[in-house]
Amino acid sequence: MDQFYFKKASFVKSVADIKDAPLDNLKEVLFVGKSNVGKSSLINALTNMKKLAFTSSNPGHTKLLNYFLIDNMFYLVDCPGYGYSSKRDYDYEFYGKLVENYFKDNKKLSLIIFLLDSRHEPTNDDLDFYQFLLSYNYHFVICMTKCDKLNMSMKSKITKNLKYKFGDAVLNNKIFLCSTNDKQSILLLKNYIETCVKEEN
Ligand SMILES: Nc1nc2c(ncn2[C@@H]2O[C@H](COP(=O)(O)OP(=O)(O)OP(=O)(O)O)[C@@H](O)[C@H]2O)c(=O)[nH]1
Ligand SMILES: [Mg+2]
């Protein structure tokens with residue numbers, strides 16, 4: 001049963017600026033996507049820990065870059081979400097700077113998991129973020145989240161819809177259909193992450 005998840009996981013630190021990131025040279029896997037898409041939940045699913053990363057049904061929960069050490073080998077990095085429209089406590093400028101600085105010449109960044117909510121059409125923010133990703137040369141994959149909420153017919157249209165919205169080039173990226181309660185989908189993503197990180201070491 002353990003093969004389904006990363007064996008060992010621990011929270012290391014939260015940072016508001018990349019200059020405070022861990023100083024070692026371990027590789028990093030970044031989870032990005034709009035608020036509430038399921039980034040923190042996916043990290044918990046991959047580690048089989050319910051409360052490693054804090055989750056919430058309210059968007060805008062994760063506010064800083066959170067580093068989780070996996071199997072003493074690499075980090076999963078949980079990013080705050082974009083596209084959270086409550087003006088009260090969402091700081092666009094802060095988010096923009098945090099992410100841009102993270103992406104700038106990041107030698108440790110091994111893989112980006114770009115999450116999209118499978119239940120909804122991609123938002124303009126999703127499309128903008130995809131363009132932002134393309135403007136860099138980092139390796140990224142797409143992870144459709146909350147697939148447990150889809151029926152078979154909706155599932156079968158995912159690739160076609162992605163192609164329609166993001167353009168043909170999106171199919172150059174690997175696409176994962178995930179649900180936190182579907183162990184097989186978590187295993188596929190876990191194995192992929194492991195392979196990428198090991199290849200780079
Ligand atoms: N049905 C279903 N719900 C999910 C799944 N993954 C996450 N959720 C729910 O989606 C909500 C948001 O999850 P989070 O993991 O906190 O989302 P996040 O992307 O980290 O959000 P922010 O930190 O606010 O950017 C929570 O209520 C989760 O329980 C899934 O696979 N299936
Ligand atoms: Mg979160």
Side-chain angles (χ1 to χ4, degrees), residues 4-6 9-16 21 28-70 75-100 102-103 111-130 132-133 140-152 154-155 158 162 175-190 192-193:
F4 281 97
Y5 317 104
F6 294 119
S10 59
F11 169 72
V12 174
K13 68 191 311 196
S14 285
V15 308
E28 296 174 9
V29 178
L30 180 72
F31 290 70
V32 284
K34 75 174 179 209
S35 294
N36 207 243
V37 69
K39 301 173 292 295
S40 305
S41 302
L42 190 57
I43 289 176
N44 288 341
L46 287 160
T47 54
N48 197 26
M49 291 169 82
K50 284 197 169 57
K51 292 186 176 164
L52 180 67
F54 295 127
T55 65
S56 167
S57 53
N58 297 318
H61 198 68
T62 307
K63 300 247 185 326
L64 303 169
L65 285 172
N66 292 320
Y67 287 76
F68 301 97
L69 180 62
I70 305 299
Y75 292 105
L76 297 184
V77 184
D78 192 7
C79 190
Y82 54 72
Y84 175 41
S85 57
S86 160
K87 291 183 184 71
R88 240 177 339 119
D89 63 353
Y90 186 82
D91 187 338
Y92 282 92
E93 206 181 326
F94 171 76
Y95 179 82
K97 277 204 184 114
L98 183 67
V99 174
E100 266 177 38
Y102 183 88
F103 272 72
L111 173 68
I112 298 163
I113 317 281
F114 177 38
L115 286 78
L116 293 167
D117 192 326
S118 67
R119 302 168 305 171
H120 306 300
E121 295 276 308
T123 61
N124 287 337
D125 288 320
D126 289 327
L127 295 165
D128 287 349
F129 199 84
Y130 176 68
F132 174 77
L133 281 178
F140 73 93
V141 297
I142 293 173
C143 178
M144 304 303 294
T145 62
K146 311 187 187 184
C147 288
D148 52 294
K149 296 285 183 190
L150 304 186
N151 59 33
M152 286 307 281
M154 288 158 94
K155 264 193 194 169
I158 283 184
L162 279 175
I175 298 164
F176 291 89
L177 307 190
C178 281
S179 165
T180 51
N181 58 16
D182 172 11
K183 278 165 59 166
Q184 282 300 334
S185 74
I186 299 301
L187 176 64
L188 287 176
L189 185 61
K190 179 229 169 204
Y192 190 83
I193 291 174

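Everything numeric in this text was worked out from a predicted model, so none of it was measured. Order of listing sets the numbers, starting from 1, for every ligand and every atom in it. Values below: all heavy atoms of this structure, side chains included; hydrogens, waters and symmetry mates excluded.
Looking at ligand 1, you'll find an N or O of G38 within less than 3.5 Å of one of its N or O atoms. Here's the thing with T55: none of its N/O atoms is less than 3.5 angstrom from an N/O atom of ligand 1. Ligand 1 has a nitrogen or oxygen under 3.5 angstrom from a nitrogen or oxygen of V37. In terms of N/O distances under 3.5 Å, ligand 1 is not approached by K149.
Every atom of ligand 1 is numbered from 1 in the order shown, and the set under 4.0 Å from a heavy atom of T62 is 22 (P), 23 (O), 24 (O). Here is the list of ligand 1 atoms found below 4.0 Å of a heavy atom in S40: 15 (O), 20 (O). Each of the following atoms of ligand 1 lies closer than 4.0 Å to a heavy atom of S57: 27 (O). Close approach to S56 involves these atoms of ligand 1, each under 4.0 Å from a residue heavy atom: 11 (C), 12 (C), 13 (O), 16 (O), 26 (C), 27 (O). Close contacts between ligand 1 and G81 involve ligand atoms 25 (O) [criterion: under 4.0 Å to a heavy atom]. Those atoms of ligand 1 that come under 4.0 Å of a heavy atom in G60, given as number and element, are 24 (O). Interface of S179 with ligand 1, defined as ligand atoms under 4.0 Å from a residue heavy atom, comprises 31 (O).
Contacts with ligand 1 closer than 4.0 Å are made by side-chain heavy atoms of D148 only, the backbone lying farther away. At a heavy-atom distance under 4.0 Å, only backbone atoms of P59 (N, CA, C or O) approach ligand 1.
The closest side-chain donor-acceptor pair between E28 and Y102 falls under 3.5 angstrom. A donor atom on one side chain and an acceptor atom on the other are not found under 3.5 Å apart for S179 and S185.
Of the possible polar contacts, one joining the S118 side chain to the T145 backbone as a donor-acceptor pair under 3.5 Å is found. Within the 3.5 Å criterion, the main-chain N or O of S41 finds no donor-acceptor partner in the side chain of N44.
Within the protein, the N, O or S atoms lying under 2.8 Å from the Mg ion (ligand 2) are S40 OG, T62 OG1.
Relative to the ring axis of Y67, K13 does not place its NZ or CZ within 45° and under 6.0 Å from the centre.
The neighbour count for K97 NZ, taken as heavy atoms of other residues, nucleotides or ligands under 6.0 Å away, does not exceed 12. The number of heavy atoms from other shown groups lying within 6.0 Å of CZ (F54) does not exceed 12.
Residue, atom and distance of the protein heavy atom nearest to atom 7 (C) of ligand 1 are S41 OG, 3.3 Å. At the shortest separation from atom 30 (C) of ligand 1 among protein heavy atoms lies T180 OG1, 3.4 Å. In this structure, atom 8 (N) of ligand 1 lies nearest to the protein heavy atom K146 CE, 3.7 Å. Protein heavy atom in closest approach to atom 21 (O) of ligand 1: N36 N, 3.0 Å. Distance from atom 19 (O) of ligand 1 to its nearest protein heavy atom, with residue and atom name: K39 NZ, 2.7 Å.
Looking at every heavy atom in both residues, L111 comes nearest to V141 through CD1-CG1, 4.1 Å. The two residues N36 and S57 make their nearest non-hydrogen contact at ND2-O, 3.2 Å. Minimum interatomic distance between L52 and F11 (heavy atoms only, all atoms of both residues): CD1-N, 3.8 Å. Listed here is the closest heavy atom pair of A16 and L98: O-CD1, 3.2 Å. Closest approach of K39 to K34, counting heavy atoms only: NZ-O, 2.9 Å.
With values rounded to the nearest 0.5 angstrom, K190 atom NZ is found 13.0 Å from F176 atom CZ.
In this pair, F114 and F140 present their aromatic rings perpendicular. The plane angle is above 60°, beyond the 30 to 60° band.
Side-chain contact between C79 and F31: absent, with no pair of heavy atoms (C-beta onward) separated by less than 4.5 Å.
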